[in-house]
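For reference, the structure is listed below as structure tokens.
Sequence lines set the chain letters: A, B, ... in the order given, protein chains first and strands last, and positions in each chain run from 1.
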Amino acid sequence: MVPGASPKAKGGAALAAGDAPPEGGNAARVRRRSWATRITFVLLGVLATAFFLYLLVPLVALLVHAPPQKIWDEMGEPDVQQALVLSFVTTTISTVLAVIFGLPAAIVLSHGNFRGRRLLETLATIPTVLPPTVAGLALLLAYGRTGLVGKHLTAFGISIPFTTTAVVMAQLFVAAPFFVNTARSGLDQLQERYETAAYTLRASPLQAFRHVVLPLVSPALLTAVGLAWARALGEFGATITFAGNLPGVTQTLPITVYIASQRDLDKAIAVSVILLAVSFGVLLTLGVLRSLLAKRWSL
Amino acid sequence: MKRLGALLLTVVAAVALAACGGDGGGGSSSSGSTGSSGSPSKLTIFAAASLTDPFTTIGKQYEAANPGVKVTFNFAGSNTLVTQIGQGAPADAFASADTQNMDKLTSQSLVDSPTTFTKNTVTVIIPAANPGKIENLEDLANDGVKIAAGAEDVPIGTYTQEILANMAKSSGYGSSYQAAVKGNIVSQETSVSGIVQKVELGEVDAGYVYVSDALAAGDKVKSIAIPETYNVVADYPIAVVKESKNQAGANSFIKYVLSADGQKTLSKYGFLPVE
């Protein structure tokens with residue numbers, strides 16, 4: 001959510017900056033500002049603040065409950081390190097796959113003009129609605145060893161469940177729709193006339209892509225990458241159902257948290273904080289990258 | 001606007017903090033008042049997920065025997081229920097799938113002294129189609145067999161490890177058997193339902209579950225019994241929750257579970273009666 005939230009924050013800052021001059025001293029203009037506007041701003045502030053607090057308080061509660069020493073100790077535990085590495089590797093692969101396959105899908109959905117597009121649109125959203133365990137069950141029924149597709153793979157000696165591949169597949173299934181839908185709304189803003197204008201100005205296709213298309217869509221794409229990656233990292237239900245839980249092979253960080261919560265709640269909370277710290281770091285990096293790109297392309 | 005925003009933030013933060021402080025101070029006192037267990041005609045029972053079938057039936061029987069009483073269940077993992085009761089969830093009685101979880105509540109004096117109301121043992125289940133060609137317990141050690149077991153911190157996982165340790169000590173199986181079976185475990189499941197599901201779907205060749213789960217799975221699975229010498233007995237304790245507003249009702253329900261009728265229903269679902 002961090003990359004997604006940042007443009008709104010920027011918008012808010014711009015709004016505030018625009019308000020600054022009247023507050024500076026022009027009394028007549030201040031009076032002219034209607035009460036309706038003031039109330040709108042107050043309401044906006046109150047609701048937004050309440051929203052951010054609503055998100056923040058549970059996270060703070062986790063932090064308050066986890067003593068730093070415990071977090072440090074857990075970082076040294078082999079099972080936590082193993083899960084951290086596995087989570088990092090699998091989410092990176094599933095996010096890259098989400099981009100490789102999701103970007104063409106988003107382009108087709110955004111610019112394609114054909115029958116059944118709405119149907120594909122819905123299909124690309126459905127996995128976000130499915131309870132994750134149902135998604136995992138669906139994957140088992142499809143790619144399990146007695147599954148629809150899986151039984152044919154068995155003939156070649158390929159068995160997907162309970163492997164690291166299954167972890168990546170579960171993450172991809174659940175997280176890729178977040179990439180496709182976010183990327184798609186970014187691509188929707190790309191109007192053909194901008195590209196045409198570039199060509200009119202004798203830009204080569206590569207130049208048009210680099211200087212027109214990329215600057216316009218890259219913020220949305222980075223947000224999409226962040227969302228998909230974050231969803232993949234937090235994935236639990238589909239993974240435990242489709243890939244199971246075997247330390248070092250399929251036990252990702254959220255599963256470590258769940259297993260720990262069965263006996264040692266303090267450990268579960270400490271590992272959760274590690275999970276949060278990792279996600280915060282990656283999402284913040286993506287956010288910074290986005291504003292750097294925006295600056296470079298002076299948007 | 002910036003100053004206004006800051007002010008707003010401060011005010012809302014202060015209010016929120018005050019609310020948090022209030023919560024922290026009065027946590028234990030407020031827990032009972034939110035309960036739906038105030039009325040004597042209403043009973044809320046928190047029970048381990050494995051008790052879903054027998055307790056649903058017992059609930060109906062109890063309602064029939066006590067007109068006007070409405071029994072509501074909250075079925076979940078014993079551990080989750082312990083956390084919920086610890087946080088002041090409105091429960092009148094708690095039935096756990098193991099003594100360890102019940103002990104967590106007794107040590108905090110959140111429940112009255114528990115009574116064992118039923119027992120369960122462990123069995124091996126295989127898919128009806130038997131893809132792993134498992135005919136006996138020895139076959140579980142064969143190369144390439146896929147086994148689903150409970151994770152070590154989940155009760156069924158703990159029991160499975162105990163059984164394997166018992167078998168390792170015997171001359172018939174030995175420690176090489178224990179090592180081979182452990183090596184065949186492809187997934188350490190977080191719940192019994194996860195194990196049953198993977199066996200039913202034929203994704204694994206075998207799984208360790210409770211006898212009651214094997215019975216509930218019907219003809220989709222076959223059982224291979226674990227001899228009493230190696231098997232463990234899981235005690236299921238039940239207790240009245242101290243914060244309950246309906247102690248009499250909770251006690252009466254527990255009495256019904258322990259009665260001949262209650263025990264008969266439990267054994268119908270594969271649970272062992274208590275003597």
Side-chain angles (χ1 to χ4, degrees), chain A residues 12-13 15-20 22-23 38 41-50 52-54 56-57 60-61 64 133 136-137 140-141 143-147 150-151 154 159-163 166 236 240-247 249-251 255 258-265 267, chain B residues 1-17 19-20 23-24 77-80 82-83 86 98 100-101 104 127 129 131-132 144 146-158 183 185-191 193-195 197-198 200-205 207:
Chain A
L15 218 63
D19 288 340
E23 256 180 315
R38 280 161 187 262
F41 279 133
V42 171
L43 208 63
L44 203 70
V46 169
L47 291 178
T49 309
F52 286 119
L53 277 175
Y54 178 68
L56 187 67
V57 171
V60 170
V64 167
T133 44
L137 193 59
L140 261 187
L141 292 173
Y143 306 110
R145 74 178 176 180
T146 55
K151 65 181 172 210
T154 313
S159 180
I160 298 171
F162 317 118
T163 61
F236 171 76
I240 191 75
T241 310
F242 184 48
N245 165 42
L246 199 63
V249 181
T250 60
Q251 190 183 108
I255 297 178
Y258 185 84
I259 297 276
S261 74
Q262 299 290 312
R263 192 162 58 184
D264 184 354
L265 205 58
K267 175 176 180 158
Chain B
M1 264 319 280
K2 258 181 191 160
R3 245 179 300 151
L4 184 63
L7 189 73
L8 275 172
L9 195 81
T10 319
V11 170
V12 179
V15 171
L17 279 177
C20 291
D23 263 6
S78 301
N79 193 278
T80 308
V82 165
T83 310
D98 64 348
Q100 286 93 323
N101 275 302
K104 287 183 205 162
K146 289 183 177 174
I147 300 173
E152 270 172 51
D153 291 345
V154 181
I156 185 67
T158 316
I185 294 176
V186 293
S187 183
Q188 300 172 2
E189 293 290 315
T190 52
S191 68
S193 56
I195 304 172
Q197 178 193 54
K198 282 167 179 107
E200 275 187 7
L201 290 172
E203 291 303 333
V204 291
D205 302 315

Heavy-atom pair of closest approach, residues Gln197(B) and Leu137(A): NE2-CD1, 3.2 Å
Interface moiety of Pro131(B) toward chain A, non-hydrogen atoms closer than 4.5 Å: side chain
Pairs of heavy atoms under 4.5 Å with chain A: top-ranked of Ser191(B), Ser187(B), Ala151(B): Ser187(B)
Chain B contact via Thr250(A) - side chain, backbone, both or neither, heavy atoms under 4.5 Å: neither
Any side-chain heavy-atom pair of Lys198(B) and Pro161(A) under 4.5 Å: no
Any donor-acceptor pair under 3.5 Å from Asn245(A) side chain to Gln188(B) backbone: yes
Distance, nearest 0.5 Å, that separates OG1 of Thr83(B) from CG of Leu265(A): 6.0 Å
Rounded distance (nearest 0.5 Å) linking atom CD of Glu189(B) with atom CG of Leu246(A): 10.5 Å
Region of Val82(B) in contact with chain A, defined by heavy-atom distances below 4.5 Å: neither
Distance-minimising heavy-atom pair for Arg145(A) and Gly202(B): NE-O, 2.7 Å
Separation of Glu203(B) CD from Tyr143(A) OH (nearest 0.5 Å): 13.5 Å
Minimum heavy-atom distance between Leu201(B) and Leu141(A), given as atom pair plus value: CD2-CD2, 3.6 Å
Heavy-atom pairs under 4.5 Å with chain B, option from Gly147(A), Gly144(A), Ala61(A) with the top count: Gly144(A)
